[in-house]
2 protein chains.
Amino acid sequence: MTPEPVLPQPPHNRQSASVELRATALEQFASVGFAGTSLQQIADAAGYSKSSVLYHFASKEALLDEVLTPAVDRLEAILERFLATEESALSRSRFVNDFIDFILEFRLELHTFINQSQSLRGIPVIDRAGVLIVRLSDTLCHGDASTEDRIRFGIALGGAAYTLVAGMTFLGEEIAPEEEIRPALLSVITELLAPVTVRTTPSRK
Amino acid sequence: MTPEPVLPQPPHNRQSASVELRATALEQFASVGFAGTSLQQIADAAGYSKSSVLYHFASKEALLDEVLTPAVDRLEAILERFLATEESALSRSRFVNDFIDFILEFRLELHTFINQSQSLRGIPVIDRAGVLIVRLSDTLCHGDASTEDRIRFGIALGGAAYTLVAGMTFLGEEIAPEEEIRPALLSVITELLAPVTVRTTPSRK
DNA sequence: ACAGACTCTGACCGATCGGTCAGCTAGCCT
DNA sequence: AGGCTAGCTGACCGATCGGTCAGAGTCTGT
């Protein structure tokens, strides 16, 4: 018989509510946008109530902040590391590698603050990401800010964010495995970024 | 004397309310997103009442439709023209030129349906744009859909949409004039798209 | 057994959402 | 003058928004 009252188990058998909520919120923010996502949707998708979301996060904005901060921190670290070494073809290539690691690991976060930074201006984590991107652009193009170099950087950044989130879903029907994406991405991004200042790589397969 | 009663002029001296509303709505949709834009905001920004917006357009969705349709029509025409000629380096280069004309003329529309097609799925004009993009991708990469070629196309598309709308505002402080942007854009897009199938252009400045 | 902290939730709040409707105003035709 | 239409608006509707709050259930240490 064993009454088995009502499945006792801790509130949820899932590991941690706030981790789940962060992940669910990130998916929604990246695909539907921050403004287009309601706390109710996040709660429903994660299997909680709206009140629970607001128990774990002070507000919708605070949730966004916690969701994006790890990615922004990581991007900042990559930039600082690049700035700490003197510029060379080698350091630049290492930077591109770091950058691609970053893109692949934080695709949803990148897509979120890349494509919504204008509408979310004023939110601290978004502004942080914004100045980071400007610094990145200034660093890669240093002094001589030729229009083409800026456009190269912008296309690499926005293109990668788009391709790995929106593009994947209907350009490649099934999501290609990462081990296939990485080299392709590396090749294209290197081509876009490498010649920006150090035009010493005319070799092209 | 000519009394000139009270400036007779039609309700507004502006040329046409619906034209103004379309333009205002487009700016908002592109920068804040469709979900993030309220009819009230559009009305306020254009100097009308919310009721007026709904007088000229049956619904918010209908407004989006009218705003995006010209761009989608144009993109469709470009694709059809490209499909009508047999493939060659020349036809491909002409296509890239058409495509860049399109991007520059319809930057806001492109940015809107590129970066929101997932969240707005189901709206006819968005779905139309979606299948167009898939056809574009299939055409440019024809049969041999190597991952890298798909990524090249995705980066060119998403990157251009991002750079010309979001990127311009904080990457280049002041918006560079079109006559400076066009050649840079042509160079980068050609580099991304040209070698996709016709690898007969090893020349690179 | 008891107290306290931690999670979670439903009920509820004012504000705003997209959308409807009746009515106002001006110009135009007869 | 009178009727018609086009353009525009405020008042209003139910639904949903982000957010508050007072509990209820469960686990801990004592």
Side-chain angles (χ1 to χ4, degrees), chain A residues 3-26 28-29 32-67 116 119-120 122-126, chain B residues 3-26 28-29 32-67 116 119-120 122-126:
Chain A
E4 186 146 34
V6 69
L7 276 176
Q9 77 197 3
H12 283 90
N13 57 351
R14 308 78 162 273
Q15 50 167 341
S16 162
S18 81
V19 170
E20 272 185 57
L21 287 171
R22 265 192 291 267
T24 305
L26 175 57
Q28 302 277 328
F29 290 159
V32 195
F34 180 74
T37 304
S38 71
L39 294 175
Q40 192 68 249
Q41 287 172 34
I42 298 171
D44 290 348
Y48 291 87
S49 73
K50 189 179 71 169
S51 300
S52 274
V53 180
L54 285 160
Y55 167 77
H56 288 283
F57 308 94
S59 67
K60 196 185 175 189
E61 259 192 37
L63 173 53
L64 179 73
D65 187 289
E66 289 209 27
V67 160
Q116 303 185 53
S119 63
L120 303 180
I123 299 179
V125 70
I126 297 287
Chain B
E4 187 145 34
V6 67
L7 277 176
Q9 77 197 1
H12 284 88
N13 59 351
R14 306 77 161 275
Q15 49 167 340
S16 162
S18 81
V19 171
E20 272 184 56
L21 287 171
R22 264 192 291 266
T24 305
L26 175 57
Q28 302 277 329
F29 290 159
V32 194
F34 180 75
T37 304
S38 70
L39 293 176
Q40 193 69 250
Q41 287 172 35
I42 298 171
D44 290 347
Y48 291 87
S49 73
K50 190 179 71 171
S51 300
S52 273
V53 179
L54 286 160
Y55 167 76
H56 288 284
F57 307 94
S59 68
K60 196 185 175 188
E61 259 192 37
L63 173 53
L64 179 73
D65 187 288
E66 289 208 27
V67 160
Q116 305 186 51
S119 62
L120 303 180
I123 298 180
V125 70
I126 297 288

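We name chains A, B, ... by the order of the sequence lines, and we start the count at 1 in each one. Values below: every heavy atom of this structure, side chains too, minus hydrogens, waters and symmetry copies.
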**OP:** To the nearest 0.5 Å, tell me how far B:L39 CG sits from B:D44 CG.
**Re:** 11.0 Å
Less than 3.5 Å apart, which donor and acceptor atoms pair up between the side chains of residues 50-61 of chain B and the rest of the protein, not counting sequence neighbours?
| residue | atom | partner | partner atom | Å |
| --- | --- | --- | --- | --- |
| B:S59 | OG | B:E61 | N | 3.4 |
| B:S59 | OG | B:A62 | N | 3.1 |
| B:K60 | NZ | B:F34 | O | 2.9 |
| B:K60 | NZ | B:T37 | O | 2.7 |

Original post:
Any side-chain N or O of A:H56 under 4.0 Å from OP1/OP2 of C:dC6?
Top reply: no
Original post:
For A:E66, which residues count as a side chain to side chain donor-acceptor pair (under 3.5 Å) partner, sequence neighbours excluded?
Top reply: A:R22
Original post:
With respect to the phosphate group of C:dC8, does any side-chain polar atom (N or O) of A:S52 fall under 4.0 Å of OP1 or OP2?
Top reply: no
Original post:
Do A:I42 and A:Y48 come within less than 4.5 Å of each other through their side chains, counting heavy atoms only?
Top reply: no
Original post:
Partners of A:A45 by side-chain contact (heavy atoms from CB on, under 4.5 Å), sequence neighbours excluded?
Top reply: A:T24, A:Q28
Original post:
Between C:dC8 and A:Y55, is there an OP1 or OP2 to side-chain N/O distance shorter than 4.0 Å?
Top reply: no
Original post:
Between A:G36 and B:A35, what is the shortest heavy-atom contact and its length?
Top reply: CA-CB, 3.5 Å
Original post:
Heavy-atom distance under 4.5 Å between the side chains of B:L120 and B:V125, does that happen here?
Top reply: no
Subject >> Nucleotide-resolved protein contact map, nucleotides 11-25 of chain D, B/S/- at heavy-atom distance under 4.0 Å >> reply: B-----SBBB-----
Could you list, one pair per line, each protein nitrogen or oxygen that sits under 3.5 Å from a nitrogen or oxygen of nucleotides 23-25 of chain C, together with the distance?
none

